[in-house]
Amino acid sequence: MTDKSSSAPMPTGPKPRKRAKPVDAASKPERSARLQRQAEYQRAYRADQKRRKIPSRDDAARVALHWFITLMIENGNETGLGHIHREIVRRLVELGFDADGADRRVSDLIDRYEDGWTFQSKPHLRATDAADGNI
C-alpha cells in the first residue's frame, strides 16, 4: 500500500496570510478585556523573572554574542570574525533590517568589543544582592 501523502509536493515559501475576521461591536470589549488580562499577566511574569533573577532571552543572547566575538578577537581569528559579521548582517537583512544599517551596527559592536567594552551592570541585580548581604 502506497502512502499518497508522501508523493504530494511540499509547499515552498511562506504560508498565505489568513484574512482578519471582521470585528463587530460586541467583540471589541471582549478583545479589550483579553488584551488587558494578557498585559497584566506579562507584567507579573516579568516581575517574577526579575525577582528570581532569571535572565531574559535577550540577556542570554547578548552574553553569548559578547563571549563569542571576544573569543575570536582574543584568538586573532579575523577570518572567523569576518564570517560571523557577514552572517549576522545577512540574517538581520533577512528579518527586514537595512543592510547598511545592520553592517554599521555589527561593526560598531565588534569595534567596542575590541576596545574592551563590557556590559553595563543591572542595578536591580546589585540592589537585591546588597539587601541579601551577598555583596
Side-chain angles (χ1 to χ4, degrees):
M1 186 167 167
T2 331
D3 183 11
K4 293 183 181 183
S5 64
S6 65
S7 63
M10 293 297 294
T12 58
K15 293 181 180 179
R17 294 182 71 184
K18 293 181 179 179
R19 287 191 174 163
K21 294 179 183 178
V23 179
D24 62 5
S27 67
K28 283 185 182 180
E30 293 169 9
R31 182 174 189 270
S32 179
R34 182 177 50 81
L35 292 175
Q36 182 63 34
R37 284 191 308 272
Q38 179 63 25
E40 289 169 8
Y41 169 82
Q42 281 296 320
R43 274 192 295 277
Y45 176 79
R46 287 187 188 114
D48 181 58
Q49 296 296 292
K50 183 176 177 179
R51 181 185 57 75
R52 294 171 51 203
K53 297 183 180 182
I54 297 175
S56 69
R57 287 185 309 236
D58 286 350
D59 292 328
R62 269 192 297 276
V63 169
L65 181 63
H66 181 267
W67 169 77
F68 192 61
I69 289 175
T70 55
L71 183 66
M72 291 191 150
I73 292 168
E74 290 167 3
N75 291 332
N77 188 347
E78 291 295 323
T79 304
L81 192 57
H83 176 72
I84 291 303
H85 180 162
R86 287 186 302 276
E87 188 61 23
I88 291 171
V89 170
R90 183 188 70 76
R91 290 173 184 231
L92 288 168
V93 170
E94 267 183 12
L95 292 172
F97 290 100
D98 174 71
D100 291 335
D103 185 61
R104 281 192 307 272
R105 179 66 71 212
V106 174
S107 293
D108 179 53
L109 274 175
I110 291 172
D111 290 345
R112 285 175 183 239
Y113 294 164
E114 286 176 329
D115 292 341
W117 184 68
T118 59
F119 298 108
Q120 300 296 316
S121 62
K122 296 212 169 191
H124 70 275
L125 295 175
R126 277 196 327 256
T128 304
D129 282 344
D132 293 344
N134 293 332
I135 289 185

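A heavy-atom distance below 4.5 Å is not found between the side chains of Leu109 and Ile88. Using a 4.5 Å heavy-atom threshold, the side chains of His85 and Asp103 count as touching.
For the pair Ala99 and Val89, the tightest heavy-atom approach, listed with the atom from each and the gap, is O-CG1, 4.0 Å.
Contacts classified as side-chain hydrogen bond (donor to acceptor under 3.5 Å, both in side chains) and involving residues 58-68 (residues at least two apart or in different chains) are given here: Ser56-Asp59, Asp59-Arg62, Asp59-Lys122. Residue pairs meeting the salt bridge (charged side-chain N to carboxylate O under 4.0 Å, His left out) criterion with at least one member in residues 39-49, sequence neighbours excluded: Asp48-Arg51, Asp48-Arg52. Sorted by first and then second residue, the salt bridge (charged side-chain N to carboxylate O under 4.0 Å, His left out) pairs involving residues 106-117 (not counting sequence neighbours) are Asp108-Arg112.
In this structure, OG1 on Thr70 lies 11.5 Å from CD1 on Ile110, to the nearest 0.5 angstrom.
The salt bridge (Lys or Arg N to Asp or Glu O under 4.0 Å) search around Asp98 returns none, not counting sequence neighbours. Arg90 meets the salt bridge (Lys or Arg N to Asp or Glu O under 4.0 Å) test with Glu87, Glu94; sequence neighbours excluded.
When hydrophobic clusters are built by joining Ile, Leu, Val, Met, Phe, Trp and Tyr residues whose side-chain heavy atoms come closer than 4.5 Å, directly or via intermediates, Val63 is not grouped with Ile54.
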Contacts under 3.5 angstrom, residues 76-84 side chains, donor-acceptor by atom type, not counting sequence neighbours:
residue: Asn77; atom: OD1; partner: Gly80; partner atom: N; Å: 2.7

